[in-house]
Every structure is written in C-alpha cells, then in structure tokens.
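Bear in mind the structure is a predicted one, so any value in this text is a computation, not a measurement. Read the numbers this way: they start at 1 and go in the same order the structure lists the ligands and their atoms.
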Amino acid sequence: MIIVMEKTATVENIQGVIDILTEHGFRAILHKGDVHTVIDALGDKTTLSPNRLEAMEGVNYVRLIRQPFRLASRDRKPEDTVIEFENGVKVGGESRPVFIAGPCSVENDYGCLLEVAQAAKELGCQFLRGGAFKPRTSPYDFDGLGEKALKYLAKAKEETGLLVVTELMDSSDLKMVCDYADVIQIGARNMQNFRLLKSVGKCNKPIILKRGPASSVQEFLLAAEHIMYNGNEKVILCERGIKSFDHTFTRNVLDISAIPVIKKLSHLPIIVDPSHGTGQRYLIEPMSKAGLAAGADGVMVEVHPNPAKALSDGKQSLSIEQFKEVFSRLNNMIDLLHLDKKQPALKGE
Ligand code: PEP
Ligand code: MN
C-alpha cells in the first residue's frame with residue numbers, strides 16, 4: 001500500500017508511520033517530494049489495517065495496491081474455483097451452468113414440494129431450494145416451518161436425488177441445517193452478519209452467499225472473504241439485486257454487470273437469482289438469459305405449483321408449467337451460445 005502524507009506532516013509524523021509499518025513487518029520506502037511525502041509499504045497488509053494508518057497524525061490517505069479481499073481474489077488464484085458435489089455436480093469454471101429451483105418457503109403440504117422437486121429433476125436441474133427459516137420484512141408474515149421443512153427437503157432429496165439448498169439465519173441452527181442440507185444459503189439480509197459468516201466459515205458445506213440489498217461489490221467479496229478466512233473456501237456468490245431509486249416496477253435492480261466484474265476480480269463461482277432480483281415472474285426469463293450471457297455459473301429460480309397460493313413470494317415464482325417452458329428456452333440458449341465454454345476476458349483488461 002501507499003501512504004500519502006499531508007503537506008503539513010512533520011518529521012515526527014512521518015517517522016511515526018515508518019515505525020508502525022516496521023513494527024508490523026513492512027518494508028517502508030520513503031519518497032520525499034517538494035510538496036508531498038509518500039511512503040511505500042511493502043508487506044502483508046492483513047497485519048495492519050489501513051484505517052489505523054489513516055487515523056494517524058499527518059496521514060492524508062492510504063491507497064491499497066492489492067484488493068482488500070485476498071483469499072477471494074483472482075490475483076491470489078488465477079484459475080476459477082469449481083465446487084464439486086458427491087454426486088459429480090460441479091459449479092463454476094467451465095462447467096455447464098447449474099439450475100436451482102424450488103419454492104420460496106417449504107410449506108405444510110409435502111406433496112407441493114415433491115411436485116416441484118420431481119419436475120425439476122425431470123428437467124435436469126441439480127438443486128432443490130426451499131426456505132425453512134425465512135427472513136421476513138414483516139413479523140406477521142409466514143416465517144418458515146423450521147426443522148419440519150428441513151425434513152421435507154431431505155425426503156424430497158431421497159426421492160429425486162436433487163441436492164438441497166436452504167437458508168441458515170442463526171448460528172445456533174447450523175448443526176441442524178448441516179444435517180439436512182447440501183448447500184447452506186446465507187441470505188441477502190445476513191450478508192454482513194459477521195458472526196454468522198464466521199460460523200459457516202468453520203463448517204465444511206458449500207455456501208451460497210447472496211449479495212446484500214445495499215452492498216457494493218467490494219463489500220460482497222469481503223463478506224465471502226470472512227467465510228474463506230475462517231476456513232471454508234467453498235463459496236458460491238449469488239447476485240440477487242440491489243436497492244436503487246426506482247422500485248416502481250421491480251423489487252430490486254438486478255446488477256448484471258456485477259457478474260463479469262466479479263469474474264474479473266474473483267475466482268469464485270457466481271450465480272444469478274432473477275426471482276428476488278426483480279420480484280416479477282415475467283422478468284425471470286429475460287433476466288436469467290442476461291445473467292447467463294454475462295457469465296453466470298447458474299440460475300436460482302422460485303417455482304411453486306400454485307404461485308397464487310404461495311405463502312411467500314408467489315408473485316416472483318413460476319408455476320411448474322411456466323418453469324418447464326422457461327427452462328427449455330434457457331437450455332437452448334446455453335447450447336446455442338456454448339455458455340459452458342466461458343469466454344476469456346478482453347486482452348489486456
Ligand atoms: C431466498 O432466497 O429465499 C431469499 C430470502 O432471498 P434473499 O436473501 O436474496 O432475499
Ligand atoms: Mn423468496
């Protein structure tokens with residue numbers, strides 16, 4: 001990193017910075033210009049926070065040369081991370097994009113879940129999703145069946161062979177969720193719940209980390225870094241839309257450009273969730289296409305046998321019939337565009 005001193009910085013201020021850098025094992029190289037003094041700090045930034053330096057007397061600002069997310073960055077690991085499951089399903093790299101489908105919440109009627117799971121299996125999806133613990137904006141809304149839902153998901157897995165994705169909201173449920181699920185989802189609202197990130201970092205299951213509604217790409221990757229830093233490198237990122245100024249016609253703004261941006265910055269796989277990204281059923285197909293064309297490693301879609309009666313997110317769920325149609329068109333697009341062979345970035349970019 002580079003530390004730019006204030007014009008007014010004293011000799012003592014400059015020495016103070018050099019001392020703390022040296023204490024933390026950095027090599028400090030001083031450049032004294034006519035107006036500004038700049039210090040080049042060569043070493044491992046994780047041992048000393050740039051914020052601490054920026055708070056020091058006489059420091060103007062600190063510029064990082066490397067990304068603040070280390071483990072998640074492509075600089076550290078140029079090749080794509082591919083997450084492989086026991087049944088051979090792979091997410092990331094040159095693997096064909098995967099599909100995650102299922103209701104927003106697992107509801108009381110097991111038949112309802114099984115119907116979606118069977119259709120998803122027949123179509124060739126790899127994952128069944130369904131919330132057991134639901135983060136709801138209003139405390140009056142249905143917030144999930146807890147362990148009963150996890151049991152339903154496990155049963156549907158037994159009957160179809162689909163891998164199960166479900167959200168964890170509280171570390172105290174981690175063991176229970178791990179007993180039933182193949183992938184743990186950290187929802188958008190919990191993207192910066194650092195204690196939760198730490199606990200899933202200590203488990204061995206792949207994690208789907210959803211982007212917070214008001215999070216920058218850097219905050220998103222730093223949240224992934226928390227999981228990786230605690231030992232779990234199996235992180236799948238999920239772009240699911242962010243807040244903007246206009247939500248008249250869409251629930252969120254699905255940030256398609258975040259997909260190639262993240263592909264450039266990070267080796268982690270990234271999938272797209274057009275259901276939560278738009279809040280509108282009719283936007284699922286075009287936004288899935290856009291996400292896939294932008295390089296997404298998979299699509300997560302909400303599907304319900306009777307969206308009008310769904311206990312949550314019916315408006316952004318496809319019926320099974322609609323899902324069949326959309327899925328077949330998305331698959332045609334994947335084949336036509338050879339999307340399982342990822343295009344290299346522009347030379348020099
Ligand atoms: C979900 O996938 O069920 C969900 C609640 O999504 P998000 O965290 O993206 O809102
Ligand atoms: Mn939902």
Side-chain angles (χ1 to χ4, degrees), residues 98-107 112-113 116 120 125 127-139 141-146 149-150 152-153 163-170 173 177 181-193 196-197 200 206-215 219-220 223-224 227 235-244 247 250-256 258-259 270-281 283-284 287-288 291 296 298-319 323:
V98 294
F99 282 87
I100 303 170
C104 178
S105 307
V106 176
E107 301 176 7
C112 194
L113 181 68
V116 178
C125 295
F127 298 88
L128 173 67
R129 62 147 288 145
F133 299 99
K134 296 298 306 174
R136 301 311 303 271
T137 304
S138 162
D141 285 339
F142 175 68
D143 67 351
L145 299 176
L150 296 174
Y152 278 11
L153 286 165
L163 296 159
V164 162
V165 179
T166 198
E167 176 164 352
L168 174 76
M169 286 177 60
D170 191 311
D173 298 319
V177 171
D182 299 288
V183 182
I184 297 176
Q185 177 171 312
I186 299 296
R189 291 162 186 83
N190 273 319
M191 189 205 85
Q192 285 191 316
N193 180 339
L196 188 60
L197 299 178
V200 295
I207 308 297
I208 287 182
L209 175 67
K210 300 190 92 178
R211 181 174 179 185
S215 297
E219 287 163 337
F220 191 16
I227 301 175
V235 180
I236 301 167
L237 302 164
C238 178
E239 168 56 47
R240 49 75 73 203
I242 48 175
K243 294 276 177 212
S244 180
H247 296 291
T250 53
R251 180 174 173 182
N252 289 299
V253 173
L254 190 65
D255 184 3
I256 295 293
I259 298 166
I270 175 160
I271 62 169
V272 66
D273 171 355
S275 289
H276 293 90
T278 66
Q280 303 289 341
R281 183 178 307 131
L283 291 174
I284 290 177
M287 290 298 99
S288 298
V299 180
M300 177 187 277
V301 187
E302 289 187 332
V303 181
H304 192 284
N306 187 351
K309 293 220 164 125
L311 294 182
S312 56
D313 287 350
K315 201 169 160 69
Q316 62 188 41
S317 302
L318 294 172
S319 69
F323 182 52

Report, in ascending order of atom number, the atoms of ligand 1 lying under 4.0 Å from any heavy atom of [X].
{"X": "G187", "value": "8 (O)"}
{"X": "H276", "value": "1 (C), 2 (O), 3 (O), 4 (C), 5 (C), 6 (O), 10 (O)"}
{"X": "R189", "value": "10 (O)"}
{"X": "K134", "value": "1 (C), 3 (O), 5 (C)"}
{"X": "R240", "value": "7 (P), 9 (O), 10 (O)"}

Self-check item: Side chains of M169 and N193 in contact at under 4.5 Å (non-hydrogen atoms)
Solution: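 When only atoms from C-beta onward are counted, N193 and M169 do not touch, as no gap falls below 4.5 Å.
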Self-check item: Contact check, side chains of V183 and L163, non-hydrogen atoms, under 4.5 Å
Solution: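 A side-chain contact under 4.5 Å is absent here.
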For [X] and [Y], which heavy atoms make the closest approach, and how far apart are they?
{"X": "G241", "Y": "L254", "result": "N-CD1, 3.7 Å"}
{"X": "L145", "Y": "E107", "result": "CD1-C, 3.5 Å"}
{"X": "P274", "Y": "V299", "result": "CD-CG1, 4.0 Å"}
{"X": "N190", "Y": "E167", "result": "ND2-OE2, 4.4 Å"}

Quiz item: Please state which protein non-hydrogen atom is closest to atom 6 (O) of ligand 1 and give its distance, to 0.1 Å?
Solution: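 Of every protein heavy atom, K210 NZ, 3.0 Å lies nearest to atom 6 (O) of ligand 1.
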Quiz item: Which angle, to the nearest 10 degrees, do you find at the Mn ion (ligand 2) between SG in C104 and OE2 in E302?
Solution: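 Output for this angle: 100°, rounded to tens.
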Quiz item: Side chains of H276 and D313: do they bring a donor and an acceptor to under 3.5 Å?
Solution: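 Judged by distance alone, the side chains do pair up.
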Quiz item: So which of the N, O or S atoms of D313 lies nearest the Mn ion (ligand 2)?
Solution: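 D313's closest N, O or S atom to the Mn ion (ligand 2) is named OD2.
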Do any nitrogen or oxygen atoms of [X] come within less than 3.5 Å of a nitrogen or oxygen of ligand 1?
{"X": "A188", "value": "yes"}
{"X": "R251", "value": "no"}
{"X": "E167", "value": "no"}

Quiz item: Does a side-chain N-to-carboxylate-O contact under 4.0 Å join R129 and E302?
Solution: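 Yes.
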Quiz item: Strictly under 4.0 Å, does any heavy atom of R211 approach an atom of ligand 1?
Solution: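 In this structure, R211 fails to qualify as a contact of ligand 1 - no heavy atom is under 4.0 Å.
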